[in-house]
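Have a look at the structure below before the remarks.
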Amino acid sequence: MMLVVNLKKSRTYLKKKQKDIAEYFQVDISTVSGWETGKDSIPLRKLVQYANEYQYSLDYLFGLEEESKNYKPLIIDLKIIAKNLKDIRKRNHLSQETVAKLINTSQSAYSHYETATNLITTTFLYNLTKIYEPFSIDELLGREKIE
């Protein structure tokens with residue numbers, strides 16, 4: 001997954017060590033290593049925090065864009081994400097059950113994302129990029145561009 005590659009690439013570009021990122025997130029260095037090797041999935045809240053702090057677009061970090069675009073810092077709002085998930089699914093004439101199968105989860109778990117009960121995981125978010133084209137994670141999460 002490009003997220004693994006771009007997370008490490010962005011960190012080295014910033015001249016940060018895994019230890020620096022671990023201290024920033026208040027996690028063990030092995031956790032950061034797991035994120036960068038793909039052994040573990042970085043939680044979306046942490047990824048957004050990273051993107052906000054170091055001014056990276058989520059689309060860049062996920063490998064949807066070759067360069068990072070300028071966005072305002074994002075505050076996660078489950079209601080905005082839920083609405084956008086539902087809107088894009090309906091625009092593509094898909095059922096919750098179909099989307100759930102395509103991203104490898106249950107329909108009931110997916111419905112929790114569309115009802116603002118749970119925050120979608122980075123893995124499922126990445127899987128959505130394979131279903132919908134064009135697709136912007138920044139826009140799906142309600143992140144506004146800097147004009």
Side-chain angles (χ1 to χ4, degrees), residues 1-14 16 18 21-22 24-145:
M1 177 167 31
M2 284 304 296
L3 177 58
V4 171
V5 173
N6 288 344
L7 196 58
K8 182 176 182 178
K9 183 177 163 183
S10 65
R11 176 184 57 77
T12 55
Y13 177 80
L14 293 165
K16 301 276 185 193
Q18 284 184 342
I21 301 302
Y24 173 72
F25 284 123
Q26 299 179 339
V27 297
D28 194 81
I29 195 168
S30 65
T31 301
V32 175
S33 176
W35 295 340
E36 290 186 357
T37 61
K39 179 180 171 246
D40 300 310
S41 180
I42 183 170
L44 186 55
R45 289 187 190 281
K46 297 262 188 230
L47 186 61
V48 167
Q49 183 181 351
Y50 181 86
N52 285 344
E53 178 70 20
Y54 299 110
Q55 300 170 351
Y56 281 106
S57 68
L58 293 163
D59 291 337
Y60 168 75
L61 292 172
F62 274 92
L64 302 177
E65 299 282 340
E66 291 194 24
E67 293 181 15
S68 186
K69 295 187 178 165
N70 293 323
Y71 284 91
K72 294 178 182 176
L74 174 67
I75 297 171
I76 292 177
D77 184 328
L78 290 178
K79 289 180 182 171
I80 289 172
I81 297 168
K83 179 189 179 310
N84 290 342
L85 282 170
K86 188 174 186 177
D87 288 349
I88 195 169
R89 178 179 57 77
K90 286 188 171 191
R91 274 197 314 273
N92 284 272
H93 310 289
L94 297 172
S95 67
Q96 281 186 352
E97 185 176 359
T98 301
V99 173
K101 283 180 186 174
L102 291 170
I103 67 170
N104 200 26
T105 191
S106 68
Q107 186 273 326
S108 64
Y110 181 78
S111 73
H112 288 285
Y113 304 140
E114 284 194 9
T115 58
T117 305
N118 294 332
L119 177 62
I120 192 166
T121 67
T122 51
T123 302
F124 293 151
L125 198 52
Y126 175 74
N127 289 345
L128 287 176
T129 68
K130 298 174 185 176
I131 299 171
Y132 304 123
E133 290 184 30
F135 188 77
S136 169
I137 292 172
D138 287 291
E139 289 176 18
L140 180 84
L141 298 183
R143 200 168 186 200
E144 297 176 13
K145 286 184 180 177

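This one's a predicted model, so the numbers in the text were calculated from it and none came from an experiment.
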**Prompt:** Got a donor-acceptor contact below 3.5 angstrom from the Thr37 side chain to the Ser33 backbone?
**Reply:** yes

**Prompt:** For the side chain of Thr122 and the backbone of Ser41, is there at least one donor-acceptor N/O pair under 3.5 Å apart?
**Reply:** no

If you round to the nearest 0.5 Å, how far is [atom2] of [Y] from [atom1] of [X]?
X	Y	atom1	atom2	result
Lys8	Leu3	NZ	CG	14.0 Å
Ile120	Asn84	CD1	CG	11.5 Å
Ile42	Thr31	CD1	OG1	10.0 Å
Asn118	Thr115	CG	OG1	7.5 Å
Tyr24	Lys16	OH	NZ	10.0 Å

**Request:** Evaluate whether atom CD of Gln107 has more than 12 neighbouring non-hydrogen atoms of other residues, nucleotides or ligands under 6.0 angstrom away.
**Result:** yes

**Complete:** Of all heavy-atom pairs linking Ala51 and Leu61, the shortest is CB-CD1, 4.1 Å

**Prompt:** What is the minimum heavy-atom distance between Ile76 and Val48, and which atoms define it?
**Reply:** CD1-CG2, 4.0 Å

**Request:** Would you list the pairs meeting salt bridge (charged side-chain N to carboxylate O under 4.0 Å, His left out) in which at least one residue belongs to residues 90-112, sequence neighbours left out?
**Result:** Glu97-Lys101

**Request:** Sequence neighbours left out, what pairs pass salt bridge (charged side-chain N to carboxylate O under 4.0 Å, His left out) with at least one residue falling in residues 24-45?
**Result:** Arg11-Glu36

Who passes side chain to side chain contact (heavy atoms under 4.5 Å, CB included) against [X], sequence neighbours left out?
X	answer
Pro43	Trp35, Lys46
Ala82	Ala116
Ile131	Leu94, Val99, Leu102, Ile103, Leu128

For residues 132-142, dump all side-chain donor-acceptor pairs below 3.5 Å to protein atoms at least two apart in sequence or in another chain.
| unit_1 | atom_1 | unit_2 | atom_2 | d |
| --- | --- | --- | --- | --- |
| Ser136 | OG | Asp59 | OD2 | 2.7 |
| Ser136 | OG | Asp138 | N | 3.4 |
| Ser136 | OG | Glu139 | N | 3.0 |
| Asp138 | OD1 | Leu58 | N | 3.1 |
| Asp138 | OD1 | Arg143 | NH1 | 3.0 |
| Asp138 | OD2 | Leu58 | N | 3.0 |
| Asp138 | OD2 | Asp59 | N | 2.9 |

Who pairs with [X] by salt bridge (charged side-chain N to carboxylate O under 4.0 Å, His left out), at least two apart in sequence or on another chain?
X	value
Asp87	Lys83
Lys9	none
Glu53	none
Lys69	Glu65

**Request:** Would you please test Phe62 and Ser57 for side-chain contact (heavy atoms from CB on, under 4.5 Å) and show each step?
**Result:** CA-CA 9 Å; Phe62 274 92; Ser57 68; over 6 Å; no

**Message:** Looking at Lys72 and Glu144, is there a salt bridge between them, counting it only when a charged N and a carboxylate O are closer than 4.0 Å?
**Reply:** yes

**Request:** May I ask you to test the Asn52-Ile75 pair for a side-chain heavy-atom distance under 4.5 Å?
**Result:** no

**Asked** Considering only heavy atoms from C-beta outward, does the side chain of Tyr54 approach that of Gln49 to under 4.5 Å?
**Response** no

**Asked** Taking only residues two or more places apart in sequence or in another chain, which ones pass ring-ring contact (aromatic ring centres under 6.0 Å, His included) with Tyr60?
**Response** Tyr56

**Message:** Suppose we screen for ring-ring contact (aromatic ring centres under 6.0 Å, His included). Which residues come up paired with Tyr13, at least two apart in sequence or across chains?
**Reply:** none

**Message:** Within the 3.5 Å criterion, strictly below it, is a donor on Thr98 or Ser95 matched to an acceptor on the partner's side chain?
**Reply:** yes

**Message:** Is it the case that the side chains of Tyr113 and Thr105 hold a donor-acceptor pair, with the cut-off being a distance below 3.5 Å and no angle test?
**Reply:** no

**Asked** Please walk me through it: do Thr123 and Thr121 pass side-chain hydrogen bond (donor to acceptor under 3.5 Å, both in side chains)?
**Response** CA-CA 5 Å; Thr123 302; Thr121 67; 4.7 Å; no

